[in-house]
Amino acid sequence: MLLLGVAYYPEHWPQERWETDARMMQEAGISVARLAEFAWSRMEPALGRPELDWLDRAMDLLYKRGIRTVLCTPTAAAPAWLVQAEPDVLLQDQKGHPVSFGGRRHYCFNSESYRRHSDRIVWAMLERFANDERVAAWQTDNEFGHRCYCPRCAEAFRSWLKHKYGTTEKLNSAWGTIFWSQEYSDFSQVPPPLLGTGGNNPGLHLDYLRFFSDSIVSFQKRQIDLIRSADPKVSITHNTMTMSIYDDMDLYDLCADLDFASWDNYPMWTKDAVAPRSNAMVADYARSLKGKGMWIMEQQSGAGGSRAFGRFPSPGEIRLWTYQAVGRGADTIVYFRWRTARFGAEQYWHGILDHSGLPNRRYEEVKHVGREFSVLRDPLDTTSLRNRVAFLNTYDSRWALSIQPGNAKLDYFGHFEKYFSPLYRRGIGADFVNHRTDLTAYPLVVAPTLHLVSDELAATLTEYVKHGGTLVTTYRSGVKTVDNQVTDRPLPGPLAGLFGCTVEEYQNLEQMPGVEVTLGDELGGGIALSSVFNDVLTLDTARALGHYAGSHYSARPAIAINSLGKGTAIYVGFESEQGFYDTFVPWVLSRAGLPLPDLLPDSVEHTVRQTDTHRVHFWLNYADTERTVDIGEGGTDLLGKAPARGPIVLEPLGVLIVRETT
Amino acid sequence: MLLLGVAYYPEHWPQERWETDARMMQEAGISVARLAEFAWSRMEPALGRPELDWLDRAMDLLYKRGIRTVLCTPTAAAPAWLVQAEPDVLLQDQKGHPVSFGGRRHYCFNSESYRRHSDRIVWAMLERFANDERVAAWQTDNEFGHRCYCPRCAEAFRSWLKHKYGTTEKLNSAWGTIFWSQEYSDFSQVPPPLLGTGGNNPGLHLDYLRFFSDSIVSFQKRQIDLIRSADPKVSITHNTMTMSIYDDMDLYDLCADLDFASWDNYPMWTKDAVAPRSNAMVADYARSLKGKGMWIMEQQSGAGGSRAFGRFPSPGEIRLWTYQAVGRGADTIVYFRWRTARFGAEQYWHGILDHSGLPNRRYEEVKHVGREFSVLRDPLDTTSLRNRVAFLNTYDSRWALSIQPGNAKLDYFGHFEKYFSPLYRRGIGADFVNHRTDLTAYPLVVAPTLHLVSDELAATLTEYVKHGGTLVTTYRSGVKTVDNQVTDRPLPGPLAGLFGCTVEEYQNLEQMPGVEVTLGDELGGGIALSSVFNDVLTLDTARALGHYAGSHYSARPAIAINSLGKGTAIYVGFESEQGFYDTFVPWVLSRAGLPLPDLLPDSVEHTVRQTDTHRVHFWLNYADTERTVDIGEGGTDLLGKAPARGPIVLEPLGVLIVRETT
Amino acid sequence: MLLLGVAYYPEHWPQERWETDARMMQEAGISVARLAEFAWSRMEPALGRPELDWLDRAMDLLYKRGIRTVLCTPTAAAPAWLVQAEPDVLLQDQKGHPVSFGGRRHYCFNSESYRRHSDRIVWAMLERFANDERVAAWQTDNEFGHRCYCPRCAEAFRSWLKHKYGTTEKLNSAWGTIFWSQEYSDFSQVPPPLLGTGGNNPGLHLDYLRFFSDSIVSFQKRQIDLIRSADPKVSITHNTMTMSIYDDMDLYDLCADLDFASWDNYPMWTKDAVAPRSNAMVADYARSLKGKGMWIMEQQSGAGGSRAFGRFPSPGEIRLWTYQAVGRGADTIVYFRWRTARFGAEQYWHGILDHSGLPNRRYEEVKHVGREFSVLRDPLDTTSLRNRVAFLNTYDSRWALSIQPGNAKLDYFGHFEKYFSPLYRRGIGADFVNHRTDLTAYPLVVAPTLHLVSDELAATLTEYVKHGGTLVTTYRSGVKTVDNQVTDRPLPGPLAGLFGCTVEEYQNLEQMPGVEVTLGDELGGGIALSSVFNDVLTLDTARALGHYAGSHYSARPAIAINSLGKGTAIYVGFESEQGFYDTFVPWVLSRAGLPLPDLLPDSVEHTVRQTDTHRVHFWLNYADTERTVDIGEGGTDLLGKAPARGPIVLEPLGVLIVRETT
């Protein structure tokens with residue numbers, strides 16, 4: 001259900017103020033408040049002596065105003081008394097140095113001692129607030145995402161390895177430790193991948209990243225199990241950070257244990273023209289983690305920053321970016337934060353209200369959104385996005401590339417975005433799936449640089465294509481085995497049969513100019529300029545769609561297309577400038593039997609949420625000037641409460657939401 | 001009294017050479033030599049066994065040549081035997097790592113053990129040299145300015161906090177430690193602000209900077225008290241470094257305990273056209289610390305540097321920069337150093353003589369200055385600068401901005417310099433005052449970004465204006481409380497009444513283009529381009545002098561002027577390019593009833609030292625070509641020993657000093 | 001004898017593959033394989049339990065294919081069990097932090113414990129492989145070149161100092177420790193030069209670099225002595241890295257203990273037009289270390305890199321760069337590596353074969369070279385380069401400049417290369433000699449920035465000139481004494497008499513524009529633009545060849561030439577752009593009575609290997625287009641097996657090798 005919320009920290013303000021806050025929230029249409037995040041020291045001022053009355057009072061006061069609470073486990077910031085009593089809960093960085101108390105996220109995920117402290121504070125909260133109608137949901141911790149390299153983690157890593165490999169022989173073989181005489185005769189010899197001399201073993205390094213993802217997931221799982229043991233019906237979520245940046249854990253794994261996914265959405269109001277597109281992709285990724293019911297747990301509402309801070313939104317921008325999130329699947333929007341803190345490291349991370357707490361133009365804009373949400377609530381109920389294009393990504397590929405990109409300019413999700421852009425510019429939706437997703441629903445799957453491929457994944461993709469799917473992958477795919485070794489088969493390794501070609505040689509363009517690629521007639525002829533890598537192809541069952549026109553491999557295939565069963569597999573041996581994808585992607589869409597809508601005007605975004613009986617269209621204008629969109633037969637302009645059809649003018653930073661009956 | 005001196009290290013040279021050095025100094029007109037700096041290991045080769053005969057001999061030899069000694073306490077470099085015996089006197093950096101022996105300034109200011117060592121060596125020097133007519137003055141240590149983060153400092157910090165706050169409740173409230181659950185239930189939990197995860201609490205951080213300033217001041221105070229106990233009449237000073245860069249301690253506090261202020265003046269001979277202006281401002285700052293009697297304790301005389309080094313002065317430049325210092329209030333000029341060291345980390349920090357010790361062109365130039373000083377001594381006696389413009393700055397504001405500038409491009413003293421420039425270019429002098437200075441003597445006070453303002457300071461400034469003063473401040477003033485929290489009042493917080501306006505919203509221009517500001521007719525109309533920050537003003541009793549002409553706050557006030565009692569308060573909501581200040585500052589000067597001299601020719605500097613009966617004008621030409629200045633009625637050209645009036649040609653790098661009777 | 005080899009790691013591959021590898025090697029003309037490098041953990045899986053059967057088997061299998069083994073001591077990578085048992089063998093970095101296990105080169109050279117481990121594994125190998133006809137040679141360790149700063153090294157340093165100085169008084173005097181009170185009353189107080197506060201003492205620092213060079217040399221010497229004790233006849237070498245970059249040890253010292261010098265040659269296939277010239281200089285340097293019989297122990301055969309990697313060679317480039325090495329004196333070329341590793345930190349350091357192990361174009365190119373080598377073997381037998389120009393360099397000067405370059409843009413070997421270039425472009429060979437080399441054979445010696453000069457070296461050079469030699473040196477020569485103090489004599493210190501001039505003043509151009517230098521008629525007039533430093537000269541017995549034409553030292557001498565005995569000494573007071581050297585060096589060559597061949601076409605290299613009776617000319621074309629060279633009378637085109645004379649067209653990346661009878 002479409003709801004508006006705020007991140008609220010009553011403990012930061014005098015109790016006398018709380019009533020004013022609650023009233024102003026209610027007036028703005030707020031019905032959810034996230035509480036207790038980072039409030040451990042106030043909820044448990046001393047070991048084993050919880051004090052939750054203040055929180056209860058705040059929840060009551062809000063509830064009377066129709067505002068339900070999202071309760072957070074406060075484990076992202078261990079209090080001073082805890083750290084003083086048990087200094088070894090502090091994490092150690094990749095140089096092996098322990099961090100000091102004084103910031104946040106300073107704990108070790110693998111400290112059993114810290115996990116017991118976590119149990120105790122969560123249980124204390126549950127004793128008071130389990131099965132409480134005031135509680136809308138729980139949030140675990142806050143923005144999981146750091147790694148620790150302490151001796152305790154090293155020990156846990158070794159247990160994890162022992163469980164995975166059984167014997168050091170198998171581990172040695174998997175990692176190739178004979179290289180540089182790193183063979184382990186006992187698990188106790190295995191170090192974490194500290195910064196040392198000459199680079200870590202890539203097999204060890206990848207396993208550490210996997211192990212650490214598991215450590216975070218299991219840390220959260222313990223909180224979830226505890227909450228469910230006391231309150232089986234309550235919903236549990238976690239506020240993840242921008243998933244194209246944070247790779248400390250596999251978010252598909254993390255979200256598997258949750259009831260719904262949440263995302264902290266900080267577009268930072270950059271004036272970069274591609275910012276909406278990039279943010280759209282991040283939103284699609286977040287939505288795809290659970291498929292539906294996404295929340296924005298922190299939606300930026302002011303200039304962000306700490307030591308220095310960014311720009312403030314122009315009038316209309318809070319609303320505009322709010323509707324981007326809604327249009328891409330968010331149901332509840334929680335603004336961060338209600339009022340800007342007067343103290344602490346984030347006193348310049350601005351919220352809706354300034355430090356003074358007086359109503360301001362940002363508050364008025366939120367209030368306006370609140371009124372609009374009441375109109376939109378019913379039409380959006382039970383709607384969802386129904387996308388037919390999928391982007392396949394895996395953490396194994398991301399992690400392997402982060403350890404050894406080969407070319408330092410290789411940008412994993414930047415590459416995705418080049419394929420995403422022609423879809424975005426036409427209002428075609430896409431989901432971000434991983435290797436465990438059922439691909440049947442997607443006529444087209446794009447998997448750029450599918451770097452690490454298990455035999456199992458290769459089989460899955462082959463079946464997908466055989467049954468009629470269209471699959472696109474690119475340079476440097478199928479390079480790595482599950483052990484992060486390079487395959488001993490001609491590239492793309494286990495995918496060679498699927499794509500009907502092999503890579504005869506590859507050239508790294510990190511410090512070289514690109515090579516021209518002559519595109520075949522099917523692709524409209526013309527020239528693309530390659531970058532990042534050139535995979536020079538030898539065709540087996542495939543045929544060429546383009547050829548290199550330079551270097552010593554001139555006239556050799558650069559793009560291969562292979563028919564397999566009822567489907568098609570396409571291998572693009574290079575990366576290129578955006579222009580290539582603007583031609584290539586529409587051609588692929590057509591080939592996959594998908595419709596090809598017209599290009600939208602510049603700076604305009606279009607998304608659709610739908611049920612079986614109606615569609616709700618979102619048209620957003622990021623430009624500072626007007627744009628005109630042709631909405632065809634149209635329907636009801638939900639915000640203007642009037643019929644709408646044909647060409648419609650969107651105001652600068654304007655939003656049009658149209659309900660269409662199908 | 002105008003004197004010439006050198007930093008002399010006889011312990012670096014064979015005793016056979018000393019007589020030659022003394023003779024050459026005498027011939028150059030040197031009458032002061034600074035000795036014993038960094039000479040601890042020679043003065044006390046082993047614990048408790050002082051050997052001062054060599055120093056006595058050197059002092060004697062100099063004294064016979066008419067050269068008196070400035071004696072330094074040698075504590076800036078603890079000797080090897082001391083560090084070996086007590087390794088924990090070594091400081092720890094902000095990562096918590098102890099430094100190694102092998103450089104200098106490696107000690108912890110809060111080590112009681114080190115302070116006792118300091119007592120002993122200073123006392124040993126006093127036993128020999130107290131009440132000694134050969135001694136001109138004492139210098140404490142050398143260029144105070146490092147911070148330590150060791151456990152001992154942490155402990156001292158906690159004592160300092162306990163004394164300041166009494167209870168952890170008060171400390172928690174002052175710092176807002178509830179943010180990120182950093183509440184302290186015991187003072188023993190408070191850490192120093194080490195580099196950690198996510199940024200330190202700004203309240204804690206500011207208190208650490210204040211605490212550390214106090215630590216340095218008290219370290220020096222102990223030396224001063226000891227010296228005065230044995231030699232009550234001798235003068236004591238300290239050689240501070242460029243105060244616009246070094247902020248490790250509050251120099252007003254440090255100098256309060258001294259008899260006169262000294263400054264180490266290293267223009268580095270850069271060819272930057274604004275270098276003279278910047279250096280002038282630093283000189284004015286240094287002079288203002290005590291108001292009179294400033295020494296240059298180290299005046300650069302050769303290329304400076306260690307691993308690499310800078311350029312050598314062109315012929316005439318040593319003299320030119322010497323007269324800049326004199327013209328801005330320096331009475332004694334001590335060149336650094338007599339002869340370039342053949343060894344040690346600073347063997348490329350060149351002095352007057354090269355390594356070979358032979359006379360060279362730099363020596364001849366110093367000799368020339370020596371002759372001139374004998375002519376200038378009487379006319380300059382008892383003269384001082386009498387400035388009517390003050391720049392108000394506080395360490396609390398500097399420190400708060402260094403912790404959280406908000407905009408990384410915010411340059412505290414760079415902003416001052418924009419206001420300083422129109423004064424400099426007209427030969428108008430200015431003093432640099434702090435919040436404790438009596439402002440009565442200054443018709444105009446400029447206080448850029450007065451960021452942290454106590455209620456007391458707000459009251460002082462209000463009284464100043466009510467009694468007829470003109471006060472200018474700018475964007476981001478009055479933001480912080482004394483606890484380094486953001487005020488909960490509309491900005492500029494406690495200054496809102498004084499300036500008759502509030503800040504409705506502020507925009508950070510760190511990553512955005514500036515906005516045009518339309519200046520009112522009073523300011524001559526025209527346009528200024530804003531940068532750094534835009535404070536958008538709401539006027540209460542003030543009226544606007546300029547308005548923004550862009551962004552969503554177009555037509556809103558950007559500059560406000562408020563009449564209060566007999567005075568005027570002006571709030572400039574933005575920073576701009578130099579051109580704005582070149583128009584604005586003259587307008588403000590006139591409004592404050594101050595005279596407005598003509599612009600000087602490019603690269604010419606003009607200062608005046610005066611008594612009630614005469615003025616001595618300094619005209620300096622930094623250009624490589626001639627400049628003509630019109631000195632009007634003129635007076636006596638002291639160096640040319642002839643009358644001078646009307647237009648006078650200044651040679652390239654030339655100096656004109658004219659005595660005018662009033 | 002001209003041979004082809006590969007670095008081979010059988011332990012990285014299944015035994016089933018070994019036979020295939022051996023056969024493919026044989027087919028490619030390979031007759032040497034380097035084995036056992038980094039294989040400690042496989043050769044001694046547990047303390048004192050060597051397992052060498054596998055190695056024996058591999059050696060046998062290769063030997064049957066005519067391939068002899070270079071055996072490596074595996075000490076560059078201590079195995080995990082060793083580090084676990086004795087963690088203190090790990091080195092500590094310059095911050096005093098121990099490195100973690102997980103890379104390579106992680107050991108401390110001064111660990112007596114590690115040296116005993118080294119003894120044991122080397123002895124175990126000798127017990128099996130001493131006096132074995134399968135063994136072609138031994139290689140010590142791999143690419144020596146790291147420094148350690150651990151307490152053990154500090155202790156060894158102090159012993160080294162005690163031995164060198166005897167008393168702390170002498171040490172204090174040599175280093176000038178009185179500066180900053182660093183006098184040591186006991187050797188136990190002397191620290192290693194850790195990164196600390198304010199820069200280390202340059203005397204201490206230079207001694208540490210000398211000490212560390214000695215530590216590496218003695219570490220190797222212990223292995224050599226052990227090998228020779230068991231196998232007195234076998235040849236021993238070490239694979240040094242690019243000597244213009246790695247300065248951790250004095251390579252002249254390191255190679256003095258070896259039978260022949262080896263070099264790891266990684267041109268990295270950059271497309272930089274000067275790469276061949278720079279690489280040529282490095283090759284000449286490597287050859288000069290022992291004078292003859294140089295091996296390339298690792299010759300790049302694919303893209304190099306680890307986290308990221310570089311470009312692959314174009315067809316023909318492996319061969320081209322191979323012949324550059326041969327043409328400059330290499331007899332055996334060992335390609336790195338046979339097959340690209342599938343695992344470990346260097347899985348992207350590509351060898352001849354790709355990961356798949358299938359024949360590829362690079363393999364075919366090596367095979368082609370193998371066939372050519374069989375033709376070239378006899379003609380090249382006993383040939384050597386006979387150069388008459390020497391470049392004098394010393395590690396003392398390099399190290400002193402690395403500690404204190406004075407100007408951060410001073411590039412020691414970059415400066416050499418400017419003098420080297422006019423020789424290279426004419427096919428004139430040069431050797432790189434040090435202060436112990438007999439210079440009699442060289443009519444011309446060039447010694448750029450001979451910074452640290454002992455009286456002994458000054459005397460040697462004076463004798464050299466008196467007997468007819470021509471010596472060129474440049475700015476900043478003779479500055480430092482052997483103690484790394486600045487001389488107390490006018491510069492160039494002990495060289496002043498030899499060059500007949502002194503430096504009146506020097507100016508550092510790091511942050512200044514250069515000054516024009518007017519060249520005398522002898523140099524053809526014209527103008528050079530100075531950079532880096534200007535030494536302004538005062539002539540004694542010398543006369544000027546050029547004068548500064550700018551700054552305050554305009555018209556002062558910039559180049560001085562001095563006749564002494566039968567010879568000539570020239571001092572060039574500045575660095576300049578390449579154009580100056582292109583004029584100056586030919587003039588100097590003529591003056592030294594040396595022939596002056598014509599300039600070669602762009603991108604063409606020419607070298608000559610000879611005996612008393614014939615010459616073998618190498619003509620190499622680095623361009624992507626054809627070049628024509630005129631080989632005059634010519635001789636036999638060895639690869640084309642035909643007579644050749646007059647103008648000959650070189651293919652793109654082409655090679656011409658001509659045998660000329662004399």
Side-chain angles (χ1 to χ4, degrees), chain A residues 9 11-13 38-46 74 76-84 90-91 93 95 97-106 146 268 270-271 303 305-312 314-316 340-348 354-358 360-362, chain B residues 95-97 149 172-186 188-205 403-410 479-481 483-491 502 504-513 551-552:
Chain A
Y9 301 86
E11 68 275 22
H12 292 182
W13 305 100
F38 296 116
W40 195 336
S41 69
R42 193 58 61 91
M43 293 194 289
E44 190 186 27
W81 58 258
L82 191 161
V83 173
Q84 186 181 38
L90 291 173
L91 73 86
D93 66 22
K95 289 182 178 171
H97 302 153
V99 305
S100 168
F101 182 82
R104 64 173 189 176
R105 305 214 61 71
H106 41 262
H146 64 259
M268 297 304 280
T270 60
K271 276 292 186 193
S306 44
R307 191 170 178 272
F309 55 88
R311 84 168 172 96
F312 283 91
S314 300
T340 313
R342 293 183 54 215
F343 42 64
E346 291 188 350
Q347 61 182 245
Y348 289 140
D354 289 320
H355 304 90
S356 67
L358 302 175
N360 59 9
R361 71 165 168 87
R362 302 200 300 283
Chain B
K95 289 181 178 171
H97 301 151
Y149 299 83
N172 284 325
S173 168
W175 292 354
T177 52
I178 178 58
F179 188 83
W180 287 354
S181 264
Q182 295 173 354
E183 293 176 298
Y184 300 103
S185 51
D186 192 284
S188 64
Q189 294 160 356
V190 182
L194 295 177
L195 298 175
T197 55
N200 287 295
N201 178 292
L204 180 155
H205 203 157
I403 295 167
Q404 291 166 300
N407 178 329
K409 290 175 183 161
L410 189 154
V479 172
K480 292 295 188 81
T481 70
D483 296 322
N484 208 15
Q485 294 194 14
V486 176
T487 176
D488 63 354
R489 299 152 69 175
L491 299 183
T502 53
E504 184 172 313
E505 60 179 297
Y506 46 92
Q507 183 61 290
N508 185 343
L509 304 178
E510 182 172 345
Q511 293 163 348
M512 296 174 71
S551 192
H552 64 272

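To the nearest 0.5 Å, the span separating CZ on A/Phe309 from OH on B/Tyr506 amounts to 5.5 Å. Taken from OG in A/Ser41 to CG in B/Asn172, the straight-line distance is 8.0 Å, to the nearest 0.5 Å. To the nearest 0.5 Å, the span separating CZ on A/Arg307 from CG on B/Asn407 amounts to 10.5 Å. Residue A/Leu358 holds its CG atom at 11.0 Å from CD of B/Glu504, rounded to the nearest 0.5 Å. Separating the CD atom in B/Glu183 from the CD atom in A/Glu11 is a distance of 8.5 Å, to the nearest 0.5 Å. In this structure, the separation between CZ on A/Phe343 and CG on B/Leu204 is 14.5 Å, given to the nearest 0.5 Å.
Annotation: side chain of A/Arg342 is in contact with side chain of B/Asp488 (closest heavy-atom distance under 4.5 Å). Counting only heavy atoms from C-beta outward, the side chains of B/Glu510 and A/Arg311 never approach each other to under 4.5 Å. Annotation: side chain of B/Trp180 is not in contact with side chain of A/Trp40 (no heavy-atom distance under 4.5 Å).
Panel note: side chain B/Ser181, backbone A/Ala78; no donor-acceptor pair is recorded below 3.5 Å. A donor-acceptor pair is defined here as one N or O able to donate and one able to accept, closer than 3.5 Å; such a pair exists between the side chain of B/Gln507 and the backbone of A/Phe312. Listed for the B/Gln182 side chain is a donor-acceptor partner under 3.5 Å among the backbone atoms of A/Gly102. A donor-acceptor contact shorter than 3.5 Å is absent between the side chain of A/Ser356 and the backbone of B/Arg489.
Of the listed residues (A/Ser306, A/Ala39, A/Gly103, A/Ser100), the one with the most heavy-atom contacts under 4.5 Å to chain B is A/Gly103. Options B/Pro405, B/Pro490, B/Gly96, B/Pro191 differ in how many heavy-atom pairs under 4.5 Å they form with chain A, and the most are formed by B/Pro405. Considering only heavy-atom pairs separated by less than 4.5 Å from chain B, the leading option among A/Ala80, A/Ala77, A/Ala341 is A/Ala80. When each of A/Met43, A/Arg42, A/Arg362 is scored by its heavy-atom pairs under 4.5 Å with chain B, the top score falls to A/Arg42. Listed options A/Arg105, A/Glu346, A/His106 were ranked by heavy-atom pairs under 4.5 angstrom with chain B; first place goes to A/Glu346. Each of B/Gly406, B/Ser551, B/Gly176, B/Pro202 has some count of heavy-atom pairs under 4.5 Å with chain A, and the biggest count is that of B/Gly406.
Aromatic ring centroids of B/Phe179 and A/Tyr9 lie 6.0 Å or more apart.
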Problem set entry | B/Lys480 vs A/Gln347, side chain to side chain contact (heavy atoms under 4.5 Å, CB included): CA-CA, chis, key distance, verdict | CA-CA 11 Å; B/Lys480 292 295 188 81; A/Gln347 61 182 245; 2.9 Å; yes
Problem set entry | Worked check of side chain to side chain contact (heavy atoms under 4.5 Å, CB included) between A/Tyr348 and B/Val486 | CA-CA 9 Å; A/Tyr348 289 140; B/Val486 176; 4.0 Å; yes
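Scored by the ring pair (Phe, Tyr, Trp, His ring centres under 6.0 Å) test, A/His97 finds B/His97, C/His97 as partners (sequence neighbours excluded).
Contacts of A/Ala303 with chain B are absent, with no heavy-atom separation under 4.5 Å from either backbone or side chain. With a 4.5 angstrom heavy-atom cutoff, B/Ile178 touches chain A via backbone and side-chain atoms both. Only the backbone of B/Trp175 comes within contact range of chain A, with heavy atoms under 4.5 Å apart.
A pairwise comparison of heavy atoms in B/Asn200 and A/Ala345 identifies O-CB, 4.0 Å as the closest pair. Annotation for B/His552 and A/Pro315: closest pair CG-CD, 3.3 Å, computed over non-hydrogen atoms.
Residues B/Ser188 and A/Gln84 have side chains that bring a donor and an acceptor to within less than 3.5 angstrom of each other.
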